[in-house]
Amino acid sequence: MKQKEFARLLDTIFAAKSGEEMSCTDYFDSLPRYAELEASGVDAAAALPEVRHHMHQCPECEEVYLGLLALVRAEKMADRA
Amino acid sequence: MRQRSNAEWLTALRAGDQNQADALADLRELVLGAIIKFLARNETPGGSSLDHDLHQMAEDCAQEAIILIQSKLEQFRGESKFTTWAYSIAVRVTLGELRRRRWQKAAVDRARLGEDMPIWPTDAPEPERSLERQQAWALLARLIENSLTPLQRKALVAHAFQGMPLDLVAEWLGGNRNSIYKLIHDARKRLKAALLSKGITHQDIIATFDSPRRETYLSDDGKTFQSQSVSYTVESGS
């Protein structure tokens, strides 16, 4: 495990909320909107804080977001060209 | 390729006629193109073109993604472009396959899955293991051993320390991705409570293992805790 991965694990322990958290399924349902907001320059984390929280707690789900965001941004640039 | 609105995509993909065949062909082109871009960006040096194996993987993932997209049309909520929703499924399928392949090659003793805590959690060099860090790790390892249910411990150790993907943990332990995520969430809650009960805050433990001034999601969110003098000494019998 890399140092930063271990630090992330420690972060997720202390970021754990006392109640239930958004599931991966609900996260994926909201992710396309989140990525489009972010690619449009909107503060997606402020608009959808539960999605942002899940992203922090679940590195695998964050990886999907980063891949999707790159695609959405590339498509936006292609549309402008 | 024909431009379609969200409604036009949904109508065409359900049409059962030539419109559906045309829409499926366009969707396949878009999804395959997205997967190839994703793999080129993340799996090749300098974003170069895919080798035969990766290209075959892209084709297989595109096929799986198209089947999933068709089966989930009712779940599309219309909150984004249809193609963005389709890309999210494509990326998810592709990352799932990449993780599965990496796990197959991982040097983890399958007989000890969910059991073996590492002697030291990171690949940091030996001089980095100060006494304080060793004590902090010993305490955390002890809490993982004693504060969690056997199932929580298995899931956390397999996923976080042995690198087993969540979907595969779900296949291994039974359940689905959501139930395993919840299991690990419950494990985190227990560890957080146990650490706080010993007077150990997020800031303390990050300062021990990492830079205390590092920006984190927790500090973004205003949830950092007051630092204090802290001892990681593990009490006997605790």
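The figures that follow rest on heavy atoms only: side chains count, while hydrogens, waters and symmetry mates do not. In the text below, chain A, chain B and the rest are named by the order of the sequence lines, each starting its count at 1.
Of the atoms belonging to B/Thr83, it is side-chain heavy atoms, and not backbone ones, that fall under 4.5 Å from chain A. Only the side chain of A/Glu75 comes within contact range of chain B, judged by heavy atoms closer than 4.5 Å. Only the side chain of B/Arg77 comes within contact range of chain A, judged by heavy atoms closer than 4.5 Å. Proximity to chain A (any heavy atom under 4.5 Å) is restricted, for B/Leu140, to the side chain, taken from C-beta onward. Within the 4.5 angstrom heavy-atom criterion, only side-chain atoms of A/Glu36, from C-beta onward, approach chain B. When heavy atoms are compared at a cutoff of 4.5 Å, B/Pro165 approaches chain A by way of both its backbone and its side chain. Residue contact with chain A, scored on non-hydrogen atoms closer than 4.5 Å, involves the side chain of B/Tyr181 exclusively. In this structure, chain A has heavy atoms under 4.5 Å from both the backbone and the side chain of B/Lys189. Heavy atoms closer than 4.5 Å to chain A are found in both the backbone and the side chain of B/Leu191. Contacts between A/Met55 and chain B at a heavy-atom distance below 4.5 Å are absent for every atom of the residue. Using a 4.5 Å cut-off between heavy atoms, B/Lys81 touches chain A through backbone and side chain atoms alike. For a residue to count as touching a neighbouring chain, one of its non-hydrogen atoms must lie under 4.5 Å from one of that chain's; by this rule A/Ser18 touches chain B with the backbone only. Neither the backbone nor the side chain of B/Arg190 comes within contact range of chain A, judged by heavy atoms closer than 4.5 Å.
With respect to chain A, the highest number of heavy-atom pairs below 4.5 Å among B/Gln75, B/Lys37, B/Lys182 belongs to B/Lys182. Contact count against chain B (heavy-atom pairs under 4.5 Å) is highest for A/Thr25 among A/Leu66, A/Leu31, A/Thr25. Listed options A/Leu9, A/Leu71, A/Leu37 were ranked by heavy-atom pairs under 4.5 angstrom with chain B; first place goes to A/Leu71. Chain A forms more heavy-atom pairs under 4.5 Å with one residue of B/Gln162, B/Arg41, B/His159, B/Arg99 than with any other, namely B/Arg99. Of all the listed residues (A/Glu63, A/Arg33, A/Glu60, A/Gln3), the one sharing the greatest number of non-hydrogen pairs under 4.5 Å with chain B is A/Glu60.
Looking at B/Asp26 and B/Arg4, a side-chain N of the basic residue comes within less than 4.0 Å of a carboxylate O on the acidic one, giving a salt bridge. Between A/Arg8 and A/Glu62 a salt bridge is recorded (basic side-chain N to carboxylate O distance below 4.0 Å). B/Glu64 and B/Arg100 are not joined by a salt bridge, as no carboxylate oxygen comes within less than 4.0 angstrom of a charged side-chain nitrogen. Using a cutoff of 4.0 Å between basic side-chain nitrogens and carboxylate oxygens, A/Glu50 and A/Lys17 are scored as salt-bridged.
Between A/Cys24 and B/Leu166, the shortest heavy-atom distance links the atoms SG-CD1, 4.5 Å. Of all heavy-atom pairs between A/Thr12 and A/His56, the closest is CG2-O, 3.7 Å.
The main-chain N or O of B/Leu168 is never found under 3.5 Å from a side-chain atom of B/Arg177 such that the two would form a donor-acceptor pair.
Between A/Asp26 and A/Val51, the closest side-chain pair of non-hydrogen atoms is not below 4.5 Å. Taking the side chain as every heavy atom from C-beta outward, B/Ile206 and B/Gln203 never approach each other to under 4.5 Å.
Between B/Phe82 and B/Trp9, the ring planes lie parallel to each other; the angle is under 30°, not in the 30° to 60° tilted range.
Checked against a 6.0 Å centroid threshold, the rings of B/Phe161 and B/Trp137 count as neighbours.
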